[in-house]
Number of protein chains: 2
Amino acid sequence: MQTEKFLLGRGREDLSDDEKRVIEDSIATVRTLPGRTRLIRAGERVEHSTLLLEGFICRYMDDREGQRQLVAVHVPGDFVDLHGFPMKYLDHDIATLGPVKVATFEHDTLTTITERFPHLTRMLWFSTLLDAAMHREWIFRLGRLGAEGRLAHLFCELNVRLGMVGLARDGVFALPMTQPDLAEACGITGVHVNRVLRGLRERGALTFKANEVRILDRKALEAIGEFESDYLYVNRTA
Amino acid sequence: MQTEKFLLGRGREDLSDDEKRVIEDSIATVRTLPGRTRLIRAGERVEHSTLLLEGFICRYMDDREGQRQLVAVHVPGDFVDLHGFPMKYLDHDIATLGPVKVATFEHDTLTTITERFPHLTRMLWFSTLLDAAMHREWIFRLGRLGAEGRLAHLFCELNVRLGMVGLARDGVFALPMTQPDLAEACGITGVHVNRVLRGLRERGALTFKANEVRILDRKALEAIGEFESDYLYVNRTA
DNA sequence: CGCCCCATTGAGTGGTTTCAATCGCAGTGG
DNA sequence: CCACTGCGATTGAAACCACTCAATGGGGCG
């Protein structure tokens, strides 16, 4: 079962066994890739979409000076570029953070799914809308929070999302991001990330080492980052 | 024809006459509303979605101190909360800026559409993905640009989008936003918006009066805002 | 007429950036 | 085996952008 994490925490519970089988049977290829590898360049026509099975992937845009702004970080179970299916080409680049294992789906296959499985189609649609909800939260994060809040919020989000797929336990999880990477996700400089992380460490909120985050005081971190997980639709009762 | 602007510049050209008729016939109600009216509150269960026919609508989130961060501005032709259909409830509030005219669609009706019109469904999906693309551009705007660039970028985006629906001509368009509103969209203070606007005015880039924007030097403004319209999928050749 | 909100401007403060330097670690090649 | 190299982590100092506080004037509305 390659797709064991597929849409876990993204409406997965609403899928029937038939629908899960359709997804599993629709996989075209499964590949492993090293870290720091670009998968898709902005503007390229795309004919297939990528489901992240293991590892981390980010999406980003470059400014005029070549500086990156991350617009999304993806964890296992995420359909990284499903939006490329209706959109045909993307407005941003996609690259791996650490090494990854991914499954690909041909867009022709996805078209067939939309013609035969309306409910599954709405679930796929929902998955892309959840990405949009995270985008909105990132807009809030960058627009209303200072450097400390931005970092705190990012760690809170990753903790919840990784928890949903069983990759975070008690606030501890692997994360193949460097301090400059965090800077690109938070719209601040790498130097300042370092200072802010020191502050958070000294306050006993968390520790950050290469490839490992330990959230020591979740309540404090959530307060600093003004974090509420509603937007992740974790417990959708509606 | 209430829906003359429906998805104009959002893949509208890919719709058949039959599909356009289905949309027109699916309207449940048409209403007019005054400015500064909240349509939807975060967390509320939603049973219908709203197509903006005339006027401007914004989506926003509040921080802990009650300060708003706009996450989207909508122009006529936009399906403002189509994402509420698969999502069932929203993670943010929606309110009018100036007075508006809107059409509503029951979610039951939309479900029927997804079961009978796969291609139209993909077009609706595309429309929500375009909102996500704009979200990403806003993340970039807030993460990588200074106050001047953020404002310039916002005006450039609105100029293109309003141009697509015939509401901007030669860089001149109506916009019922105050300086504090612009501040909430750009993650800066109202006072600072005032100063930056003065700078842009003195450089001959644009003028901003209550309800009217005049872009005098589009090239300069696009350079300041690092604006490229690719993400709006204006001329989708792919 | 009074009130509130928007627009505008000044002065001082503070969060972040920029520039700069050091240290550690891993990969590379002599 | 070790110098060389590059990148990430860390810290200091100075400069700058944007914020806060404060005050004034203008316009719409009850």
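Residue numbering restarts at 1 for every chain, and letters A, B, ... go by the order of the sequence lines. As the structure is a prediction and not an experimental result, all values here were calculated from the model.
- A side chain to side chain donor-acceptor pair (under 3.5 Å) check over residues 214-223 of chain B, counting only residues at least two apart or in different chains, returns the pairs B:Glu212-B:Arg214, B:Arg218-B:Glu222.
- A search for side-chain contact (heavy atoms from CB on, under 4.5 Å) contacts involving B:Arg144 returns A:Asp63, A:Gln67, A:Gln69, A:Glu184, B:Phe140, not counting sequence neighbours.
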Item checked: Protein-to-nucleotide contact annotation, 5' to 3' order, nucleotides 2-20 of chain C [B base; S sugar-phosphate only; - none; under 4.0 Å, heavy atom] -> ----SSBBBB----SBB--
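- Contacts of B:Tyr60 classified as ring pair (Phe, Tyr, Trp, His ring centres under 6.0 Å), with partners at least two apart in sequence or in another chain: none.
- Comparing the start and finish of the helix from C:dC1-D:dG30 to C:dG30-D:dC1, five pairs each, the helix axis swings through 40°, to the nearest 10 degrees.
- Listed by chain and residue number, nothing satisfies the ring pair (Phe, Tyr, Trp, His ring centres under 6.0 Å) test with B:Phe56 (two or more places apart in sequence, or in another chain).
- When the side-chain contact (heavy atoms from CB on, under 4.5 Å) test is applied to A:Glu54, the partners found at least two apart in sequence or on another chain are A:Lys101.
- Evaluation of the side chain to side chain donor-acceptor pair (under 3.5 Å) test over residues 185-199 of chain A, restricted to residues two or more places apart or in two chains, returns A:Gln179-A:Asn194.
- In this view, A:Arg203 and A:Glu148 satisfy the side-chain hydrogen bond (donor to acceptor under 3.5 Å, both in side chains) rule, not counting sequence neighbours.
- Sorted by residue number, the list of members of residues 58-65 of chain B with any non-hydrogen atom under 4.0 Å from DNA chain C is empty.
- Across the protein-nucleic acid pair, B:Asn211 atom CG and D:dG28 atom P stand 13 Å apart, rounded to whole Å.
- The side-chain hydrogen bond (donor to acceptor under 3.5 Å, both in side chains) check on A:Glu228 picks up nothing, with sequence neighbours excluded.
- Atom CG in A:Leu182 sits roughly 12 Å away from atom P in D:dG8 (whole-Å rounding).
- Scored by the ring pair (Phe, Tyr, Trp, His ring centres under 6.0 Å) test, B:His135 finds no partners at all (sequence neighbours excluded).
- Here the two rings, on A:Phe105 and A:Phe85, have centers that are 6.0 Å apart or farther.
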